[in-house]
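Taking it in order: structure first as structure tokens, then the write-up.
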Amino acid sequence: MADLWLQFVLTIDATLRVATPLILCAMAGLFSERSGIIDISLEGKMLMSAFAAASMAALTGSPLLGLAGGILVSVALSLIHGFACVTHKGNQVISGLAINILASGLTVTLGIALFAQGGQTPFLNKSERFTDIVLPFAEQAEHVPVLGTIYKEIISGHNLLVWVALFSVIVTGYVVFRTTFGLRLRAVGEKPEAVDSAGGSVSGLRFQAVIIAGVLCGIAGTYLSTAHGAGFIREMAAGKGYIALAALIFGKWRPVPALLACLMFGFMEALAARLQGVEIPVIGNISTDLILVLPYFLTVILLAGFIGKASPPRSIGVPYIKER
Amino acid sequence: MNASSLPRWIDIGLLPVLNLIAALTVAGVIIAIIGENPFVAMGVMIKGAFVYDGALGYTLFYTTNFIFTGLAVAVAFHAMLFNIGGEGQAMIGGLGVGLVVLFLDSVLPPLLVVILAVPAAAAFGAVWGVIPGWLQARRGSHIVITTIMFNFIASSIMVWLLAGMLMAPGQMSPETRSFADGINLPLVYEVLQMAGFSVSRSPLNLSFVIALLACFGVWYLIWRTKLGYIIRATGHSERATIYAGHDPAKIIMLVMAISGALAGMMSLNEILGVQQRVILNFTSGYGFTGIAVALMGRNHPIGIVLASLLFGALYQGGAELDFEFQTITREMVLMIQGLIILFSGALAYLFMPAVVRIYSSLRKPTGSG
Amino acid sequence: PQLMTTSTAAAADFKPAVIYDMGGKFDKSFNEGVWNGVEKFTKETGVEVMEFEVTNETQREQAMRRMAERGATIVLGVGFAQADAIAKVAADYPDKQFSIIDVGWLDAPNLRQYVFKEHEGSYLVGVAAALASKTDKVGFVGGMDIPLIRKFACGYVGGVKSVNGSAAVYQNMTGTTPSAWNDPAKGAELTRSQIDRGADVVYHAAGGTGVGVIQAAADAGKLAIGVDSNQNGMAPGSVLTSMLKRVDVAAYETFKDAMSGSFSSGVKVLGVAEGGVDWAFDENNASLITASIKSAVEKARSDILSGKVVVHDFMSDTKCPY
Amino acid sequence: MADKTISKARGDDSSPLAISLDNINKTFGSVRANKDVCLSVVQGTIHGIVGENGAGKSTLVSILYGFYSADSGTVAISGEPVRLRSAADAIAAGIGMVHQHFMLVPNFTVLENIILGHEVGSDLKAGARQAEASLKGITERYGLSVDLQAVVQDLPVGLQQRVEILKALYRGARILILDEPTGVLTPQETEQLFDILGTLKAQGVTILLITHKLKEIMAVTDFVSVMRSGEMVDHLQTAQTNPQQLAQMMVGRPVLLDVGYQAAQAGQAMLNAEHLTVTETSGVTSLSDVSFSVHQGEILGIAGVSGNGQSELLEVLAGIRKITSGTVQIGDRKITAEQPASPSEVKGLGLAHVPEDRHAMGLILPFTAAESAVLGYEYADMMGGRSPILSPAVMAAHCKTLMSSYDVRPAEPSLKSNLFSGGNQQKIVLARELSSQPDILLVGQPTRGVDIGAIEFIHKQLFAMRDKGCAVILVSVELDEIMSLSDRVMVMNEGKSMGIVRKADTDIQEIGLMMAGVTAASPRQQKAR
Ligand SMILES: Nc1ncnc2c1ncn2[C@@H]1O[C@H](COP(=O)(O)OP(=O)(O)OP(=O)(O)O)[C@@H](O)[C@H]1O
Ligand SMILES: Nc1ncnc2c1ncn2[C@@H]1O[C@H](COP(=O)(O)OP(=O)(O)OP(=O)(O)O)[C@@H](O)[C@H]1O
Ligand SMILES: [Mg+2]
Ligand SMILES: [Mg+2]
């Protein structure tokens with residue numbers, strides 16, 4: 001019983017760690033999609049920045065420089081996306097797809113050229129990574145029943161970027177719904193001509209949105225390779241960008257519901273990891289593959305309008321073309 | 001200033017070539033950055049794709065995959081549906097082949113099993129296409145998102161089955177048992193050798209012919225039948241289609257079924273052509289490459305064959321790069337593919353303003369004279 | 001190619017080739033072990049070995065064929081996943097030699113197969129783990145959930161229980177597909193959860209995923225046990241020992257034999273007695289291995305050699321009696 | 001010459017100019033939307049601009065608002081030359097605009113829409129509070145009350161327009177441009193709008209008003225400028241002109257309103273509609289209890305301000321929209337909610353339909369003319385019946401025949417549909433539908449955006465159909481068109497029929513009142529049903 005409780009608490013703890021890149025990417029997607037730009041390139045940006053961050057950290061020994069590198073590269077990809085979708089009014093889905101495929105290829109190609117380790121970066125040691133921050137009294141708290149366990153296992157012992165991710169939700173909520181920039185951002189995703197005729201710049205706003213998305217994806221990628229993991233390996237984003245996209249849709253393009261969706265999806269993943277190959281009394285061996293598919297499945301069900309209704313920003317995916 | 005004010009040869013000939021050149025130039029710069037000579041690399045690739053013994057066979061083998069997935073994307077595109085679920089549809093198509101063969105190969109004669117497996121690939125792929133089609137047509141969910149999700153769902157189903165009930169006993173890889181002897185599509189080199197030609201071995205098989213037939217079929221369907229007309233009409237204007245007395249929802253589902261069936265038939269080449277068992281990830285991203293193929297081929301079967309050939313050469317030549325260079329792997333091909341999608345898809349009209357300017361300045365003197 | 005009539009390779013046209021599996025030759029584990037053997041061979045003989053790293057399932061057969069067509073006289077396949085491919089290609093190229101590691105069920109006159117008694121090596125590190133654990137709880141993280149990995153796990157449990165019958169062994173598998181060999185993040189996740197439940201020594205048999213296991217154990221100040229190659233140096237002071245599976249020996253031996261013309265087909269089974277599996281003791285873990293641990297492990301080793309202890313092989317009956 | 005007319009129109013040379021546009025040019029692709037356009041607007045006046053569809057009115061004011069940039073020409077505001085690169089520049093210059101299609105974010109509140117792009121500070125709440133305070137002054141001064149917290153999409157069109165005006169005033173506009181503001185309004189809302197414009201004018205705001213309705217020009221403007229195919233034709237003082245003169249200037253020759261109506265002999269009823277009601281999924285009732293019948297050899301005109309249920313009526317009759325209750329009887333077939341008919345079934349009953357929106361429905365713009373010319377007739381006999389094969393040669397030949405008998409220019413079946421001019425596009429649609437020899441013909445806005453020559457041709461075709469015994473239902477928002485073609489007229493208001501009158505027994509005044517929903521047809525005329 002006690003072990004079961006501990007298991008549960010630990011799964012929640014793992015949920016936070018697993019959900020961190022999802023949260024960051026979902027917030028990134030929120031900025032981009034609220035401004036009317038579909039962003040399926042979350043995956044590629046995250047992958048590319050994971051690579052850049054790990055390379056930078058390996059070469060300089062500093063995780064902070066790694067973070068800077070990760071963000072920089074991710075923003076660069078965002079700018080490509082913006083150039084294609086905003087400046088040249090290209091198809092946003094195609095552009096995103098191109099970036100994802102490009103990132104898959106480029107990371108390995110550059111990785112081999114830089115480190116000659118089959119596309120991986122060298123193993124990062126502790127000083128080259130963001131390591132866990134143990135909060136004060138965590139050890140002592142262990143002896144306090146329930147709350148102590150929660151404090152020690154769930155709240156304490158996360159690295160900086162986990163906190164950054166949670167904080168990003170608050171910031172996103174504030175910026176998008178409580179500032180004038182957010183008002184314009186949402187307006188430009190709903191009805192760009194309204195912003196244009198009100199004297200705002202549609203392109204400017206959309207570029208700002210994709211750049212913010214780039215920064216957040218950059219942090220997510222950095223988390224993967226230099227905080228949660230210890231180095232880059234090929235395809236390390238492993239579909240997390242798409243799960244984040246699903247979470248964003250599931251959260252109906254709102255920060256807190258999107259956060260909850262990320263946590264739910266993260267929980268499924270954490271749970272699935274723990275159940276892999278484990279015989280459960282009565283039920284037997286659960287197929288974890290089927291647990292892992294739940295996020296996608298639920299999103300399809302949601303989109304089909306069977307549970308609530310998710311209506312995207314009205315002008316999403318439509319380039320703003322004034323003169324034909 | 002738009003595409004329709006330019007002559008066709010510029011729109012469907014010059015611009016795609018310029019886009020391709022741009023993509024290859026960027027790729028060349030990256031190759032140079034990592035310290036290899038892009039021209040040497042290009043030479044190796046071309047040799048690897050066409051010159052070596054059997055290379056052409058491999059190139060055409062990959063081309064076959066791309067024709068199927070490219071056609072799948074193109075058919076949907078004619079109804080303005082962006083089907084990026086080709087990957088999942090191909091997987092499920094392969095599952096269809098596998099199920100039919102595994103159930104029947106001990107009961108029916110091989111030839112009959114093969115003949116049944118072909119429609120099974122199409123039917124399973126069609127089902128995996130028609131569900132997102134239904135969701136779009138009747139429930140209003142966005143086809144792009146649902147097809148992405150369906151790729152993941154398909155992939156999980158495959159893992160679940162191949163690492164579970166379909167896994168061959170005693171096997172340690174997630175794959176089915178091998179099909180019974182004789183259950184495969186005829187290999188082209190074998191047929192040619194029987195006919196007395198000396199051809200080197202390659203996995204090129206009858207699927208290539210099926211793919212070419214599918215090209216003709218798609219062309220005929222889209223431009224020579226009433227259904228094709230209605231499909232194109234739906235793509236351009238749903239309201240006009242309703243006005244003309246057709247149900248766009250039905251058309252959308254039908255188109256997605258056709259699209260899924262084409263993608264599903266890609267599995268014929270891999271599963272029934274060479275692997276002779278269902279393995280995990282046999283689609284290897286060919287479904288996504290189909291998008292690039294369709295974009296480059298401007299959704300026309302002839303364009304698709306040409307673009308497929310390009311990508312087939314890229315894949316086969318890319319494998320050769322892998323052997324020749326320490327620093328270059330197959331991922332280089334993926335990178336080039338990403339660049340091609342970027343330039344010929346998202347930035348398709350990057351060069352148009354310049355081309356229009358040059359074209360009109362060239363035309364003016366002759367026009368007024 | 002059909003016209004080529006190479007008999008036993010003369011040194012001049014001797015051309016060895018190796019095909020690494022997914023994970024790549026720098027996986028710090030299985031493939032890297034093979035690579036070490038290949039490097040040793042090249043260094044000693046000066047013969048270059050053609051290499052290819054498989055990155056997706058469909059490439060194996062093509063790569064093997066391509067090697068044969070490019071003139072390779074002996075092709076070494078790495079890992080059971082290449083079994084089907086090598087069986088086909090070996091049949092199509094009867095005058096070439098083939099060898100494969102971790103496969104023992106094929107039958108071809110030109111194919112050598114290597115099988116290891118991983119359960120014996122795992123037993124040894126299990127003994128070390130049980131003695132090093134302060135909490136009496138140890139962990140195991142496997143890669144892909146297949147009988148081979150259960151074989152590792154079972155031997156390990158046997159070793160642990162031989163020291164401390166009441167010790168708890170937490171076991172997790174990473175996944176059911178080949179990607180489970182290369183998912184350090186998940187490996188780290190699973191390790192953390194085992195550590196949080198009290199485990200203080202975690203053994204992995206998970207290829208590239210193991211990097212995450214070692215990282216997580218080192219991060220938490222606990223101990224990891226490496227596998228295949230000697231991984232003691234990956235995080236000195238945090239890797240208790242490594243279960244050595246001498247795939248390097250298999251690779252080296254294959255090429256050496258082929259070069260000297262003494263290549264033979266059939267299955268080679270390598271256990272503790274043959275020097276095919278062992279535990280690693282070097283300067284990186286000298287401070288962790290106390291005298292009592294060392295003597296206990298050496299005793300277990302000699303017991304296996306003498307036949308006093310027979311470690312159960314999971315694959316013989318797909319059961320683990322411990 | 002242009003200058004002379006301006007000063008002539010101004011009458012009083014001393015009054016200062018709020019706007020002066022000089023030699024404005026603008027080209028869209030191959031369309032020259034504005035050609036050397038000059039315009040001067042006196043401060044504190046209401047200045048109208050009239051012109052046919054596509055004359056370039058919207059383009060001109062969009063340039064003035066910085067929305068489009070002119071290819072050449074200069075703009076001066078209150079005598080100061082300004083460069084208008086974006087709407088922000090125009091707003092800074094004191095210009096506000098109410099667009100033809102509202103520029104409001106539907107799911108934002110009124111307040112959010114008003115402050116959008118002109119917020120105070122970066123904190124939304126604080127800025128909104130401040131804005132609310134300053135808006136209070138504006139609403140009181142101009143009598144423009146509206147609930148600031150309401151969500152825009154829940155407001156009726158008239159109020160949405162008021163939000164647009166408030167938006168402009170909040171930005172300190174001294175010049176207000178309104179592009180066809182009354183097209184979407186009910187007569188009452190139009191009245192209210194004109195009251196507001198009066199108040200604004202009294203406060204010294206300069207107003208530029210674009211409209212098609214000459215009556216409105218006569219009612220509220222001080223000056224009026226006329227545009228025709230991208231050019232400014234003339235500037236006049238409203239008091240010194242009349243609708244006839246303006247109409248003549250707009251189209252460039254004396255208007256021939258009547259193509260020669262001759263009363264027809266109506267035969268048996270071909271289509272009976274009883275208590276037709278349509279409720280949208282949104283809950284709005286777009287058609288309510290409409291009953292009428294139409295007979296062989298007559299044209300039934302459906303009059304009404306745009307958006308009063310005419311479009312829905314046409315779509316219901318054509319089978320495109322489902323009936324909620326009521327029946328439509330064509331021959332023996334009774335179409336009800338329970339037994340709906342599809343567009344193809346209705347077609348089979350001998351009905352043809354020229355839709356209101358030829359771009360979105362009547363044609364498929366990227367298709368060739370040959371392809372567009374079989375839209376909806378893919379399975380007709382001339383196309384080989386049920387055969388699944390479509391022959392390009394047959395299509396081209398069919399199109400060629402249609403083109404020559406309906407004088408489509410250029411008579412080139414392989415030309416893309418969007419490369420034909422509006423009038424010729426309409427002729428293709430008409431040719432396709434009329435050539436099916438229908439017993440019943442539905443026609444929506446047949447001459448919208450079509451030049452006068454084509455209008456005459458189309459009108460003659462409609463008469464010819466009637467005289468061949470076809471029952472024609474004609475929907476048009478142009479009252480003149482209704483009056484010159486119809487034998488009987490049904491007037492619609494808010495989805496209801498205000499009654500049916502015989503053309504011979506009525507006049508424009510009476511129908512105008514009915515359109516406004518003021519009076520229903522008198523009992524005597526009611527019998528015209
Ligand atoms: N954004 C645009 N891109 C291309 N062509 C345009 C654009 N806007 C207008 N046009 C074309 O310019 C011409 C003038 O259009 P404009 O909208 O100014 O006319 P208008 O007088 O306002 O007509 P209406 O009474 O129908 O509103 C038309 O031929 C129109 O098709
Ligand atoms: N909204 C639009 N989008 C695209 N093209 C348009 C649009 N409006 C007009 N055009 C094109 O611009 C050209 C001019 O159109 P317009 O309707 O102004 O013709 P027009 O000169 O008035 O012809 P007509 O005298 O027959 O009415 C045509 O080729 C037409 O197809
Ligand atoms: Mg206009
Ligand atoms: Mg016109």
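Everything quoted here is computed from the prediction, not taken from an experiment. Chain letters run A, B, ... following the sequence lines, proteins first and then strands; every chain starts at 1.
- In this structure, the side chains of N91(A) and F82(B) come closer than 4.5 Å at one or more pairs of heavy atoms.
- A side chain to side chain contact (heavy atoms under 4.5 Å, CB included) with L106(A) is found for exactly one of M332(B), M335(B), E331(B), namely M335(B).
- Shown here is M42(B), whose CE atom has no more than 12 heavy atoms of other residues, nucleotides or ligands within 6.0 Å.
- When heavy atoms are compared at a cutoff of 4.5 Å, I243(A) does not approach chain B at all.
- Here the CZ atom belonging to F297(A) is positioned 13.0 Å from the CE atom belonging to M149(B), to the nearest 0.5 angstrom.
- The closest side-chain heavy-atom distance from I328(B) to T109(A) is not below 4.5 Å.
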Residue pair I34(B), I112(A): steps toward the side-chain contact (heavy atoms from CB on, under 4.5 Å) verdict: CA-CA 9 Å; I34(B) 65 171; I112(A) 290 171; over 6 Å; no
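- Expressed to the nearest 0.5 Å, how far CG of L102(A) lies from CD1 of I340(B) amounts to 11.5 Å.
- Between chain B and the options A84(A), P295(A), A113(A), G239(A), the largest number of non-hydrogen pairs under 4.5 Å is found for A84(A).
- When the candidates I84(B), I153(B), L295(B), L342(B) are compared by the number of heavy-atom contacts under 4.5 Å with chain A, I153(B) comes out ahead.
- Note that CD1 of I145(B) is 12.5 Å distant from OH of Y296(A), once rounded to the nearest 0.5 Å.
- I99(A) CD1 to L339(B) CG: the interatomic distance, rounded to the nearest 0.5 Å, is 11.0 Å.
- Taking all atoms of both residues into account, the shortest heavy-atom contact from F152(B) to V293(A) is O-CG2, 4.1 Å.
- Expressed to the nearest 0.5 Å, how far CG of L334(B) lies from CD of E235(A) amounts to 7.5 Å.
- Your options are V108(A), L97(A), T87(A), and the one with the most heavy-atom pairs under 4.5 Å with chain B is V108(A).
- When all heavy atoms of I341(B) and A98(A) are compared, the closest pair comes out as CG2-CB, 3.7 Å.
- Both the backbone and the side chain of A246(A) come within contact range of chain B, with heavy atoms under 4.5 Å apart.
- L350(B) is listed as a side-chain neighbour of F83(A), based on a closest heavy-atom distance under 4.5 Å.
- Atoms CD1 and CD1, on I101(A) and I336(B) in that order, are 13.0 Å from each other to the nearest 0.5 Å.
- Using a 4.5 Å cut-off between heavy atoms, I80(A) touches chain B through its side chain atoms alone.
- Looking at F150(B), the atoms closer than 4.5 Å to chain A (heavy atoms on both sides) all sit in the side chain, from C-beta outward.
- When all heavy atoms of L135(B) and A304(A) are compared, the closest pair comes out as CD2-CB, 3.4 Å.
- Heavy atoms closer than 4.5 Å to chain B are found in both the backbone and the side chain of S104(A).
- At a 4.5 Å heavy-atom cutoff, L114(A) makes no contact with chain B through either its backbone or its side chain.
- Counting heavy-atom pairs under 4.5 Å between each of I33(B), V159(B), I131(B) and chain A puts V159(B) at the top.
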